[in-house]
Amino acid sequence: MDDTNPTKEEVEYVDSIQEDVKWLGFDWGTHYYQASDYFARMHADAIRLIEMGKAYVCHLTLEQMREYRGDLVNPGKPSPSRDRSVAENLKLFAQMTKGELDEGSAVLRAKIDMASPNLLMRDPVIYRIRKASHHNTGDTWCVYPMYDYAHPLEDAYEGITHSICTLEFEIHRPFYDWLLRTLDTPAKPRQIEFARLNLTYTVMSKRRLLELVQEKRVSGWDDPRMPTVSGLRRRGVTPTSIRKFCETIGVTKHNSLTDVALLEHAIRDDLNKTVPRAMAVLDPIRLVIENYPEGQVEELEAINNPEDPAAGSRKVPFSRNLLIERDDFMEIPAKKYFRLTPGQEVRLRWAYFVKCTGVTKDAEGNILEVRCTYDPATRGGETPPDGRKVKGTIHWISEAHAGDVEVRLYDRLFTLEDLNSLADGEDWRTHLNPNSLKVARAKVEPSLLQTKPGTRVQFERVGYFCADTKDSTPGKPVFNRTVTLKDSWAKVVAK
RNA sequence: UGCCCGAUGGUGUAAUGGUAGCACGACCGACUCUGACUCGGUCAGUCUAGGUUCAAAUCCUAGUCGGGCAACCA
């Protein structure tokens, strides 16, 4: 953990990084280190640098420093303090360390090359005065190392071989190497850079994510729409699928934009194999079975996970009045529609074949309920003795036994695919998806009411869901939609 | 008008001098008690121009395009 700057409140980030990394399945064991663990050693190395004539105390103000640095095409010029004696530098750095100098009045700089084409090599600052309390070292120090100085040293102290970081630090590598060479550290770690991940339809920069949180456009860092580890976790994504996704996309050095479909595939692939099924109706309409006895209730057996025999089965109550998905009925059917429609027969999952006999409507012509008859010879959803087949199978809930739950249907956070390619002056926030969260009341199998927070389930024919870890209460789970099932019918409809 | 890095199907990648392969996706089909899963098929790629070589995605040169760099941030 690079906790080199005490004025940046980072305790909460440190904690969540640890939590996230552990959840992903990794363990530091005894190898959890912080830059602040090495402050004394780093300070001693700074003194060595001064003694070598490779570092000096400089009094330039921020503005002067910028001016002296030159720019992308012009070389910089030396600080007036650049050639001060070693003895004087030692004395001044000691004063800085003891807190005898004011913040901003002096810094320690490495003495490299003010004409380097790499601006980071034009005598970079390596220590600054910060009279602030550090979350780990308290008030021990008045001077703190810059990240660029701390990074190569902590790697060397730890005997790191490959120090992996993101692309924007590529230009810092010459200083990384310079420091190790100048100090002649026993270990010579190598910094290797790789591209950070960009995903379609979302933002990944910490700055933008922080703005989403601060402006309350999401509920927090762990809002299930956030591409953060805590957001994915709360949404119901598994560590396995994240790791699989990472293996798939690999590690490279060029900026790319990964299609979120790759992530969704990894999620479905894992959840399909591991998660139990249940029935839930998100947008219910009543289905009345005219020839099923009133008041009769049957317990029908439903398999929990066809992909995993060990998951066993459960009983689901069945009765005369059911609820089915509004989408699963069409009074005037579309072409190739093989769900319920007048005269057509479908299977009720794990129950019976039913044939639609018509609908009842109110005075305005709105459909109040769908009516049908069932075939007792198809109990359990089995093919009847006459070998009759149906094209469609739909899910259902017994109205009298239905549980009522809140379901949160999440969609992509933005409507724009690439948030890094905005027109000049365009605000990325204008592309926020107004429908990234839709809340629905769903009717579910009674057993689902006992779902523990964090438990994942597939609502058959709908999608994968996870009981929310924050807003669920005993007996009243709130379900977050992790990802929908693939829907090839939707594609047909779209055409 | 500088320096550094990069470029392979729609997307993400593999191939480091020797058959351009894999996954996602899209499309077609089979199967199906989830229009899911699974299975079969199809689509589609080495940024450009020179050069080296028996042979170049790979090495060299130039160009084009993209990204990064001027906090006492990380």
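The chains referred to below are lettered A, B, ... by the order of the sequence lines, with proteins before strands, and numbering in each begins at 1. We use all heavy atoms of the structure for the numbers below, so side chains are in, but hydrogens, waters and symmetry mates are not.
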K.L.:
Base, sugar-phosphate, or nothing for Glu170(A), non-hydrogen atoms under 4.0 angstrom?
P.N.:
sugar-phosphate
K.L.:
Would you indicate what Tyr68(A) reaches in the nucleic acid, counting non-hydrogen atoms under 4.0 angstrom: base, sugar-phosphate, or nothing?
P.N.:
nothing
K.L.:
Just say parallel, tilted or perpendicular for the rings of Tyr144(A) and His134(A), cut-offs at 30° and 60°.
P.N.:
parallel
K.L.:
5'-most contact on RNA chain B: Asp259(A) or Leu119(A), nearest heavy atom basis?
P.N.:
Asp259(A)
K.L.:
Classify the side-chain pair Glu88(A)/Tyr56(A) by whether it contains a donor and acceptor separated by less than 3.5 Å.
P.N.:
no
K.L.:
Of the nucleotides rC3(B), rC72(B), rU13(B), which one has an atom closest to the side chain of Pro117(A)?
P.N.:
rC3(B)
K.L.:
Hey, does Lys206(A) reach any base, or is it just sugar-phosphate, or nothing, if we go heavy atoms under 4.0 Å?
P.N.:
nothing
K.L.:
Would you mind classifying the nucleic acid contact of Thr383(A) as base, sugar-phosphate or nothing, using non-hydrogen atoms under 4.0 angstrom?
P.N.:
nothing
K.L.:
For rC72(B) versus rU13(B), give the span between their P atoms, rounded off to a whole number of Å.
P.N.:
34 Å
K.L.:
Between rA70(B), rC72(B), rG35(B), spot the one nearest the side chain of Val107(A), thanks.
P.N.:
rC72(B)
K.L.:
On RNA chain B, check which nucleotide each of Gly250(A) and Ala490(A) is closest to and give me the residue with the more 5' one.
P.N.:
Gly250(A)
K.L.:
What interatomic distance, in whole Å, is found between C1' of rU46(B) and the corresponding atom of rA30(B)?
P.N.:
35 Å
K.L.:
Look at all strands and tell whether Tyr144(A) reaches a base, only sugar-phosphate, or nothing, counting heavy atoms closer than 4.0 Å.
P.N.:
nothing
K.L.:
Considering only rC72(B), rA74(B), rG35(B), which nucleotide approaches the side chain of Arg339(A) most closely?
P.N.:
rG35(B)
K.L.:
Check the phosphate of rC69(B) against Arg69(A), side-chain N and O only, distance under 4.0 Å to OP1 or OP2. Yes or no?
P.N.:
no
K.L.:
Using the P atom in both, what is the distance from rG40(B) to rA49(B), to the nearest Å?
P.N.:
38 Å
K.L.:
Rounded to whole angstrom, note down the C1' distance from rA23(B) over to rA44(B).
P.N.:
14 Å
K.L.:
Taking atom P in both rG18(B) and rA55(B), compute the distance separating them and give it to the nearest angstrom.
P.N.:
14 Å
K.L.:
What is the nucleic acid contact for Thr252(A), judged by heavy atoms within less than 4.0 Å: base, sugar-phosphate only, or nothing?
P.N.:
sugar-phosphate
K.L.:
Describe the nucleic acid contact of His172(A) in one word from base, sugar-phosphate, nothing, applying a heavy-atom distance below 4.0 Å.
P.N.:
base
K.L.:
Expressed in angstrom and rounded to an integer, what is the separation of Ile129(A) atom CD1 from rA71(B) atom P?
P.N.:
20 Å
K.L.:
For rU11(B), take OP1 and OP2 only and decide whether either is under 4.0 Å from a side-chain N or O of Thr200(A).
P.N.:
no
K.L.:
Check whether NZ of the Lys or CZ of the Arg Arg41(A) lies under 6.0 Å from the centre of the six-membered ring of Tyr157(A) and within 45 degrees of that ring's axis.
P.N.:
yes
K.L.:
Check every strand shown and say whether Val125(A) touches a base, only sugar-phosphate, or nothing at a heavy-atom separation below 4.0 Å.
P.N.:
sugar-phosphate
K.L.:
When both hydrogen-bonding distances must be under 3.5 Å and the geometry is Watson-Crick or G-U wobble, what is rC73(B) paired with, if anything?
P.N.:
none
K.L.:
Partner of rC43(B) by Watson-Crick or G-U wobble geometry, both contacts under 3.5 Å, or none?
P.N.:
rG25(B)
K.L.:
Applying the Watson-Crick and G-U wobble criteria at under 3.5 Å, what pairs with rU52(B)? Answer none if nothing qualifies.
P.N.:
none
K.L.:
If the cut-off is 4.0 Å, is His254(A) near the phosphate of rU8(B), judged by side-chain N/O to OP1 or OP2?
P.N.:
yes
K.L.:
Taking CZ from Arg173(A) and P from rC69(B), how many angstroms apart are they, rounded to a whole number?
P.N.:
16 Å
K.L.:
Glycosidic conformation of rA71(B), syn or anti, with 90° from 0 as the boundary?
P.N.:
syn
K.L.:
Whether Arg196(A) contacts rG68(B) is assessed here as follows: a side-chain N or O lying under 4.0 Å from the phosphate OP1 or OP2. Is that the case?
P.N.:
no
K.L.:
For rU16(B), give its Watson-Crick or G-U wobble partner with both distances under 3.5 Å, or none.
P.N.:
none
K.L.:
How are the rings of Tyr352(A) and Phe318(A) set relative to one another: parallel (under 30°), tilted (30 to 60°) or perpendicular (over 60°)?
P.N.:
tilted
K.L.:
Please list each protein N or O that sits under 3.5 Å from an N or O in nucleotides 36-41 of chain B, with the distance.
P.N.:
residue, atom, partner, partner atom, Å
rA36(B), OP1, Ser488(A), OG, 3.0
rC37(B), O2', Asn272(A), ND2, 3.1
rC37(B), O2', Glu307(A), OE2, 3.3

K.L.:
Does the structure show a Watson-Crick or G-U wobble partner for rG66(B), both distances under 3.5 Å? Name it, or say none.
P.N.:
rC5(B)
K.L.:
If you look at every strand shown and take non-hydrogen atoms under 4.0 Å, does Leu60(A) touch a base, only sugar-phosphate, or nothing?
P.N.:
base
K.L.:
Distance under 6.0 Å and angle within 45° of the ring axis: does Lys391(A) meet both against Tyr337(A)?
P.N.:
no
K.L.:
Base, sugar-phosphate alone, or nothing: which one does Met146(A) contact when heavy atoms must sit under 4.0 Å apart?
P.N.:
sugar-phosphate
K.L.:
If you count heavy atoms of other groups shown closer than 6.0 angstrom to CG of Leu416(A), is the number above 12?
P.N.:
yes
K.L.:
Mind checking Arg130(A) for me? I need base, sugar-phosphate or nothing, with any heavy atom below 4.0 Å counting as a touch.
P.N.:
base
K.L.:
Distance check: side-chain N/O of Lys8(A) vs OP1/OP2 of rA74(B), anything under 4.0 Å?
P.N.:
no
K.L.:
Heavy atoms under 4.0 Å, any strand shown: does Phe169(A) hit a base, just sugar-phosphate, or nothing?
P.N.:
base
K.L.:
Please work out whether the ring planes of His43(A) and Phe93(A) are parallel, tilted or perpendicular, with thresholds of 30° and 60°.
P.N.:
parallel
K.L.:
Just checking Glu382(A): base, sugar-phosphate only, or nothing, at a heavy-atom cut-off of under 4.0 Å?
P.N.:
base
K.L.:
Counting heavy atoms from C-beta on, name the nucleotide in rG12(B), rU34(B), rA74(B) closest to the side chain of Asn5(A).
P.N.:
rA74(B)
K.L.:
rA71(B), rC5(B), rG12(B): which one has an atom nearest the side-chain heavy atoms of Thr258(A)?
P.N.:
rG12(B)
K.L.:
For rC22(B) versus rG45(B), give the span between their C1' atoms, rounded off to a whole number of Å.
P.N.:
13 Å
K.L.:
Do Leu271(A) and Thr482(A) make a side-chain contact, defined as non-hydrogen atoms from C-beta onward lying under 4.5 Å apart?
P.N.:
yes
K.L.:
Rounding to an integer number of angstrom, what distance separates rC37(B) and rU32(B) when you compare their C1' atoms?
P.N.:
9 Å
K.L.:
Can you give me the closest heavy-atom contact between Leu413(A) and Leu212(A), atom names plus distance?
P.N.:
CD1-CD1, 3.9 Å
K.L.:
Considering only rG6(B), rG67(B), rU34(B), which nucleotide approaches the side chain of Arg461(A) most closely?
P.N.:
rU34(B)
K.L.:
Expressed as a whole number of Å, how far does the P atom of rC3(B) sit from that of rG63(B)?
P.N.:
11 Å
K.L.:
Reckon Ile303(A) touches a base, only the sugar-phosphate, or nothing at all at heavy-atom distances under 4.0 Å?
P.N.:
nothing
K.L.:
Which one is paired to rU38(B), where only Watson-Crick or G-U wobble pairs with both distances under 3.5 angstrom count?
P.N.:
rA30(B)
K.L.:
Rounding to a whole Å, what distance do you find between Lys244(A):NZ and rC24(B):C1'?
P.N.:
11 Å
K.L.:
Using Watson-Crick or G-U wobble geometry with both distances below 3.5 Å, tell me the partner of rU58(B), or none.
P.N.:
none
K.L.:
Heavy atoms only: give me the nearest Arg128(A)-Thr4(A) pair and the separation to one decimal.
P.N.:
NH1-O, 3.7 Å
K.L.:
Tyr33(A): what forms a side-chain contact (heavy atoms from CB on, under 4.5 Å) with it, not counting sequence neighbours?
P.N.:
His31(A), Asp37(A), Tyr38(A), Glu158(A)
K.L.:
Can you measure from NZ (Lys443(A)) to CH2 (Trp396(A)) and round to the nearest 0.5 angstrom?
P.N.:
15.5 Å
K.L.:
From the list rC72(B), rA70(B), rG12(B), which nucleotide is the closest neighbour of the side chain of Leu72(A)?
P.N.:
rA70(B)
K.L.:
Check the phosphate of rC73(B) against Arg128(A), side-chain N and O only, distance under 4.0 Å to OP1 or OP2. Yes or no?
P.N.:
yes
